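Note that the structure is a prediction, hence the values are computed from the model and not measured.
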Amino acid sequence: MTGNAAITRHEIRECAFLILFELSFREDDTTEEMYQLAEEVQGLTVTDSVREMVEGVLIHRDTLDEIIAKYSTKRSITRLPRLNLTILRLALFEILYDDTMPDNAAISEAITLAGEYTYQEDTAFINGVLGAYVRENRTEEQQNGNA
């Protein structure tokens, strides 16, 4: 199903995450091919919101990766598991480019995804990178969604 079907913000994020993760292995495929694959094979609902999130992360990937590299003090970005990297990119995209998403909510959602898809120590790592970025670069209002 495409278009603007009613799905939750969490479902939008999880669908975008799964598509972005798959794209990390299939760089020769177009995003349209990935959307089609997600719907036909994985049974995901690709809404306009999912497309905006996926394409936003792809457009801003270099900036997102620079931030991840800066705040990932113990691990090189090239050594990060793709799951972790995808979750970090998605959360930072929301923090930087989605004015409706409070920073703390974006971090919380990243931790939820990490809890579902990664190891416990990866969840702590993701929380640490995102928390360090937010503490250093964002106002209290942005962190809590009062900006």
When you measure from the side chain of E33 to the backbone N and O of T30, does any donor-acceptor pair fall under 3.5 Å?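 Looks like yes, one N/O pair under 3.5 Å.
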Under the 3.5 angstrom rule, does the side chain of R61 hit a backbone N or O of V57 as a donor-acceptor pair?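 Judged by distance alone, no pair lies under 3.5 Å.
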Looking only at non-hydrogen atoms, find the nearest pair between S49 and I12 and report the distance.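 Taking every non-hydrogen atom into account, CB-CD1, 3.7 Å.
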Grab the two heavy atoms, one from F93 and one from L64, that are nearest each other, plus how far apart they are.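 Shortest heavy-atom contact: N-CD2, 3.6 Å.
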Measure the spacing between CG of D62 and CG of L58 and express it to the nearest 0.5 Å.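 Atom-to-atom, D62:CG and L58:CG are 11.0 Å apart.
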Nearest 0.5 angstrom please: T8 OG1 to E14 CD, how far?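 Reported to 0.5 Å precision, the distance equals 8.5 Å.
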Mind checking whether [X] and [Y] have side chains closer than 4.5 Å, heavy atoms only?
{"X": "Y35", "Y": "V54", "result": "yes"}
{"X": "Y71", "Y": "E136", "result": "yes"}
{"X": "R9", "Y": "E109", "result": "no"}
{"X": "I19", "Y": "C15", "result": "yes"}

In terms of side-chain geometry, is the basic nitrogen of R26 or E22 positioned less than 4.0 Å from the acidic oxygen of its partner?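 Result for this pair is yes, salt bridge flagged.
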Can we say E94 and R13 salt-bridge, meaning some charged N sits less than 4.0 Å from an Asp/Glu carboxylate O?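 Salt bridge present between E94 and R13.
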Should we say atom CD of E32 is surrounded by more than 12 heavy atoms from elsewhere, each under 6.0 Å from it?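 Correct, the count exceeds 12.
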Tell me which donor-acceptor pairs under 3.5 Å the side chains of residues 77-90 have, and how far apart each pair is, sequence neighbours excluded?
unit_1	atom_1	unit_2	atom_2	d
T78	OG1	S76	OG	2.9
R82	NH1	S24	O	2.3
N84	ND2	D122	OD1	3.2
T86	OG1	R82	O	2.7
R89	NE	D65	OD1	2.7
R89	NH2	D65	OD1	3.3
R89	NH2	D65	OD2	2.8

Can the ring centres of F17 and Y117 be said to be less than 6.0 Å apart?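 Yes, the ring centres sit under 6.0 Å apart.
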